[in-house]
Each structure stands twice: as C-alpha cells, then as structure tokens.
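Keep in mind that this is a model prediction, so the values were computed, not measured. First the proteins, then the strands, lettered A, B, ... as listed; each starts at 1. These numbers come from the heavy atoms of this one structure, side chains and all, not from hydrogens, waters or symmetry mates.
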2 protein chains.
Amino acid sequence: MALQNKHFQKRDAILKCLCSTDTHPSADWIYEQLRQQDANISLATVYRNLALFKKQGLIQSIATVNGVERFDGNTAPHVHFICTGCDAVQDLSNIQVPQELCSTAGKTAGARIEGCQLSFTGLCGNCQKS
Amino acid sequence: MALQNKHFQKRDAILKCLCSTDTHPSADWIYEQLRQQDANISLATVYRNLALFKKQGLIQSIATVNGVERFDGNTAPHVHFICTGCDAVQDLSNIQVPQELCSTAGKTAGARIEGCQLSFTGLCGNCQKS
DNA sequence: ATGTAAATAAGAATTGTTCTCATTTAGGAG
DNA sequence: CTCCTAAATGAGAACAATTCTTATTTACAT
C-alpha cells in the first residue's frame, strides 16, 4: 500500500469540495457535504481551513448573504448575481468590471486597490413565480 | 406649547442620524451616537427600525464589513471603497456602474435586477503607513 | 378618563463564527 | 521499531452580531 499523506486529509477535502461546486457555498454547506462522505469532520476545521485558504489567496469570500459568509474557489475577479429570495449565488461570466474603473477608484480613494466585487441582486426565475 | 408627535421620536432620530453621516455606519455606531444625545435608546430599536427602513426602501445595506452590517442613507446606486485595515467605507462618487451591465446581468441571470453593488477593497492612505 | 394600536426598553435567545485545549497524526531522529 | 516534535483536528465552550419576547409607554381617538 502506497504511503499516503493523511496529514492534510481534511484540508484537501475542504478545498476540493469548494472548488468543485459553483454554488458559492457557506462553511456549513461544505461541512454537510463532507459529513456525508467522511462522517467525521468538525465544523471548526472547515472554518479554520477556509480562513487559511483565504489568507493564502487560494479562495475568496464573495459576500455575506443573509448573515452567512459565502466562498468561491475562483479567485479571478468576476461578477455575481445574488437572489434575495433563495440566497442562490450565480456567476455572470459574460460581464466584466471595466479595468479603468479600478485605477480610477485607486486614485479617488487614495488607496492601493486589492480587490473588487460587483454583484447584482434581485429575484431569480424560480423565485419570481412564488 | 405646540403639539409634537413623539410617537416616532426614536425612529426619526435613527433615520436622521444615518442620513447625516457619510461613514456608512453599523447599527451599533448609530446606537452609540444616539445614546450621547438621548441617553435612553435601545439597541434593539435601532436594529428594528433599520430593518423597517430597508424594507421601505428608505435606506440600504451596502456590505457586511468584518462581520458587521453597514448601512447607507443614500439609496441611489453608487460605488464604495472599503479599507481592509480600518474598515472605513467611503463613497467613490465619480464612478458609475455602466447602465448596460445591469440589463446584461438581468438577461444572463434570467432575473429581474433590483440592486447592484460595486465595491473596491484595499488599504486606505492612513493604513498603508502603519 | 379610557381604550387602542404602534413604538419602545430591557434583556433573553439565537445563530454564525472563532477560540481553547486535549488528542491524533505524519514524518524524522535515535 | 520507538520516541519526539510540530501541525492538524474534533469537540464543545465562548463570543459577538442580530433577532425575538414581553411588559411598558406613548399618542391619539373615543
């Protein structure tokens, strides 16, 4: 049996779980997913590692929707739509924040711009029916 | 002495406080401000009325910075800079989100767009020094 | 004066997130 | 192999922001 590094077993699972979904999940959602596979993981471990990934720049936190923080394994700047009915977050990959806005922002704010978030809110198709 | 409507005394004070600052404050900040004037107001009253104003469209919540929700008496769509060092939020009034992005977003998401938030993050001038 | 419906104060309850600490793990040194 | 060390984890306590509950107060109409 090959030597396997179990040291980062949970850590890797968390990153993998986040990166293989486009639901922009919360810590709790990831926790529930992993519990169904692993049956032994702690919510604290999920939070701890998400914070670490964020510091390392591997992931980003895109918004807090209805009081809960939502994460994204895609660190490239991109635009989101957030449904105020069901809290779903989706990518709007055909929209870009014009680059010149960033440099204007930096000058106006007298700051070094490090990130930029554009998100639209509204009711998604499903929620409009109900 | 003229009849004065004291019924909405606190409520009006909260809205007035929020609308007369450009600090994009938290509920707690408003509470502390009013305590210094009024000396008898409850934090729950601040939260309750902010939620009401939001539902009525009189104010908006622009982001949650470091776990706390920040409010804005200016409901017109506008752009913010958020300092990750000191949590200050400032308006970037010379930047606009291009109007056509909104309609593109609506089509892409298959949704009725109701709001749009663009914010830049980084270190403000002061925080860059330290 | 009395009744009413809305607004409030105070603090309890809730909830998302972080912290603490004892335990486990991987991998290296003896 | 056994011991050692440092990092990772699980479990639950602690924390902080927000919401809820309930009794009280208020303005106003009757």
Side-chain angles (χ1 to χ4, degrees), chain A residues 1-18 23-56 58-72 82 84 87 89, chain B residues 1-18 24-56 58-71 82 84 87 89:
Chain A
M1 182 156 45
L3 181 68
Q4 56 180 168
N5 184 349
K6 290 190 176 175
H7 213 175
F8 300 115
Q9 195 178 202
K10 304 296 168 64
R11 175 166 300 173
D12 288 344
I14 292 166
L15 187 56
K16 197 166 169 186
C17 176
L18 173 57
T23 59
H24 308 82
S26 65
D28 193 67
W29 186 93
I30 296 174
Y31 171 64
E32 288 299 338
Q33 291 292 115
L34 294 178
R35 275 223 302 176
Q36 290 168 17
Q37 306 164 17
D38 187 303
N40 187 23
I41 189 171
S42 166
L43 183 55
T45 299
V46 177
Y47 275 108
R48 203 177 320 132
N49 284 301
L50 287 175
L52 177 66
F53 295 149
K54 193 156 77 167
K55 196 164 62 178
Q56 294 175 331
L58 296 176
I59 70 173
Q60 64 176 152
S61 133
I62 53 171
T64 111
V65 180
N66 232 332
V68 336
E69 193 168 9
R70 302 286 284 269
F71 298 90
D72 194 335
I82 302 173
T84 52
D87 293 348
V89 177
Chain B
M1 181 159 40
L3 182 66
Q4 55 180 166
N5 184 352
K6 290 190 176 174
H7 213 177
F8 301 114
Q9 196 179 200
K10 305 296 169 64
R11 175 165 298 174
D12 288 343
I14 292 165
L15 187 56
K16 197 166 169 185
C17 177
L18 173 57
H24 310 81
S26 65
D28 194 67
W29 187 92
I30 295 174
Y31 170 65
E32 288 300 338
Q33 291 291 115
L34 293 178
R35 276 224 300 176
Q36 289 169 18
Q37 305 164 18
D38 187 303
N40 187 24
I41 188 171
S42 166
L43 184 53
T45 299
V46 177
Y47 275 108
R48 197 178 327 123
N49 284 302
L50 287 175
L52 177 66
F53 295 150
K54 194 156 74 169
K55 195 163 64 176
Q56 295 175 330
L58 295 176
I59 70 173
Q60 65 176 150
S61 135
I62 53 170
T64 111
V65 179
N66 233 333
V68 337
E69 192 168 10
R70 302 286 285 268
F71 298 90
I82 303 173
T84 53
D87 294 347
V89 177

From C:dA10, D:dG10, D:dT18, nucleotide with atom closest to B:S42 side chain
C:dA10

What is the separation between atom CD1 on A:I30 and atom P on C:dT17, rounded to the nearest whole Å?
11 Å

The nucleotide from C:dA10, D:dT18, C:dT8 with an atom nearest the side chain of B:A44 is C:dA10

Do A:I82 and A:H24 make a side-chain contact, defined as non-hydrogen atoms from C-beta onward lying under 4.5 Å apart?
no

Roughly how many Å is it from CD1 in B:I14 to C1' in C:dA9, rounded to a whole number?
12 Å

Between C1' of C:dT18 and CG of B:N66, the distance in whole Å:
12 Å

Minimum side-chain heavy-atom gap B:L50-B:E69 below 4.5 Å:
no

Of all the nucleotides listed (D:dG10, D:dT9, D:dA17), which has the minimum atom distance to the side chain of A:N49?
D:dT9

Do B:L52 and B:N49 have side chains that get closer than 4.5 Å, going by heavy atoms?
yes

Given C:dA9, D:dT18, D:dT9, identify the nucleotide with an atom nearest to the side chain of B:K10.
C:dA9

Out of C:dT18, C:dA7, D:dA8, whichever nucleotide has its closest atom nearest the side chain of B:R11:
C:dA7

Working for side-chain contact (heavy atoms from CB on, under 4.5 Å), residues B:L43 and B:D28:
CA-CA 7 Å; B:L43 184 53; B:D28 194 67; 4.2 Å; yes

Interatomic distance, A:D12 CG vs D:dA8 C1' [rounded to whole Å]
12 Å

Round to the nearest Å and state the distance from A:I41 atom CD1 to D:dA11 atom C1'.
13 Å

Please report the distance, rounded to the nearest Å, between CG in A:N40 and P in D:dA8.
18 Å

Return the value, rounded to whole Å, for the distance between atom CG of A:L43 and atom P of D:dA13.
15 Å

Side-chain contact check for B:R48: nearest option of C:dT17, D:dT9, C:dA10 is C:dA10

Gap between atoms CZ and C1', on B:F71 and D:dA17 respectively (whole Å)
11 Å

Options C:dT17, D:dT19, D:dT9, nucleotide nearest the side-chain atoms of A:T45
D:dT9

On the nucleotide C:dT17, are OP1 or OP2 found under 4.0 Å from the side-chain N or O atoms that A:Y47 carries?
yes

Check whether any side-chain heavy atom of A:Y31 lies under 4.5 Å from a side-chain heavy atom of A:S26, and answer yes or no.
no

